[in-house]
Number of protein chains: 2
Amino acid sequence: MSYSTDPRAARSREAMLTAARELLVGEGPDAVTHQRVAQQAGVGRATVYRHWPRPEQLLLDVMSGADLPLFKNPETPVRPWLHRQLRQMADELAVPAVAAVALTLHQSAIWDPQIAHQRDESIKTITERIHTAVRSAAANGEIETDLAPADLSAMLIGPIVYRTTMQMGVVSDDFIDRLIDSVGTWHRK
Amino acid sequence: MSYSTDPRAARSREAMLTAARELLVGEGPDAVTHQRVAQQAGVGRATVYRHWPRPEQLLLDVMSGADLPLFKNPETPVRPWLHRQLRQMADELAVPAVAAVALTLHQSAIWDPQIAHQRDESIKTITERIHTAVRSAAANGEIETDLAPADLSAMLIGPIVYRTTMQMGVVSDDFIDRLIDSVGTWHRK
């Protein structure tokens with residue numbers, strides 16, 4: 001799964017990941033086949049095979065961090081942006097197939113070093129992105145908080161994962177507000 | 001897996017579940033065999049077979065709610081008791097084998113109605129127990145909170161599940177204090 005630094009190759013890789021992600025969220029993991037991804041991304045099937053010889057590998061990349069659009073490019077004010085990101089994450093995890101893939105990946109990672117590595121990268125990426133966003137909120141006076149980066153993401157994401165994949169319940173906008181409130185003192189801007 | 005209401009049978013069932021839980025936390029899921037459980041609980045192997053013809057079924061009961069000792073019988077003051085319960089849960093989930101079993105059960109539940117039923121009972125039990133404890137803390141003036149029962153448990157347990165099974169990190173006592181702080185306004189007693 002090495003890929004070149006050629007910008008065109010990087011773009012087509014991103015297009016395939018986006019296509020796979022849309023198929024996963026829309027129709028579940030069985031829809032993430034080489035053929036469907038190729039079709040939806042507008043590339044040849046051989047291109048998908050070249051990047052991901054096995055579909056599980058593609059699914060793994062779809063669910064993992066570096067290419068994940070979530071929590072990317074924070075906007076000011078940070079709070080409504082953070083709310084939207086958590087909303088999107090909750091909506092995706094509310095799809096049973098997506099929740100199942102997420103749990104399977106985390107479960108497999110406990111025993112499989114390659115998947116563990118990808119999980120660690122993914123978790124690190126999300127932690128860093130959330131921390132970057134909250135740091136910029138602190139810099140512009142929106143929030144005061146002394147939480148460590150890993151604690152911030154655990155308190156924001158953990159309850160959403162628990163609600164969607166374990167309590168099998170709905171994440172309301174009020175609940176997201178509660179979670180955002182829980183990580184510091186916010187000041188109206 | 002029907003069992004009689006004979007108190008002796010209930011006691012031996014509880015002894016077997018305790019034994020299985022100790023084996024799971026101490027040595028991982030492979031140690032939860034009919035023979036080891038029988039030995040450790042001081043019952044005949046046939047008794048274990050009679051209750052749980054398949055070991056997966058036993059493992060499922062061990063991980064699920066009704067028999068779970070966690071969050072049972074709240075003590076006053078509630079806060080230190082709650083801290084101890086969350087500490088114990090975090091310590092158990094810190095064992096990779098226990099985390100793996102928990103994730104596997106939740107993942108299986110997404111597709112298997114029987115496991116889903118058990119998951120729902122388990123989640124309901126934990127939610128009720130935590131709610132009971134927090135309600136008694138509110139009654140004795142320890143806490144003010146207006147969080148719904150399901151939100152309380154998601155904000156206390158979700159971050160611990162995320163930290164132990166996904167971030168693969170340590171749950172410090174400070175972090176537990178943060179979580180407890182996040183569910184309401186506590187008053188020193």
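Only heavy atoms go into these numbers, but all of them, side chains included; no hydrogens, no water, no symmetry mates. Letters A, B, ... mirror the listed sequences (proteins, then strands); counts begin at 1.
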Part of A:Thr127 within contact of chain B (heavy atom distance under 4.5 Å): side chain

Under 4.5 Å from any heavy atom of chain B - which part of A:Met166: both

Between OG1 on residue A:Thr104 and NE2 on residue B:His106, distance to nearest 0.5 Å: 13.0 Å

Best-contacting candidate, A:Leu156, A:Val101, A:Leu147, against chain B by heavy atom pairs under 4.5 angstrom: A:Leu147

Side-chain heavy atoms of A:Arg178 within contact of B:Ser182, under 4.5 Å: no

Which atoms of B:Met168 approach chain A - backbone, side chain, both or neither, heavy atom under 4.5 Å: side chain

Chain B contacts, top residue of A:Asp181, A:Asp120, A:Val183, A:Asp146 (heavy-atom pairs, under 4.5 Å): A:Asp146

Sole residue of B:Leu103, B:Leu105, B:Thr165 in side chain to side chain contact (heavy atoms under 4.5 Å, CB included) with A:Gln107: B:Leu103

Non-hydrogen atoms of B:Gly158 and A:Tyr162 that approach each other most closely: CA-CB, 3.6 Å

Donor-acceptor contact below 3.5 Å, side chain A:Arg163 vs main chain B:Ala150: yes

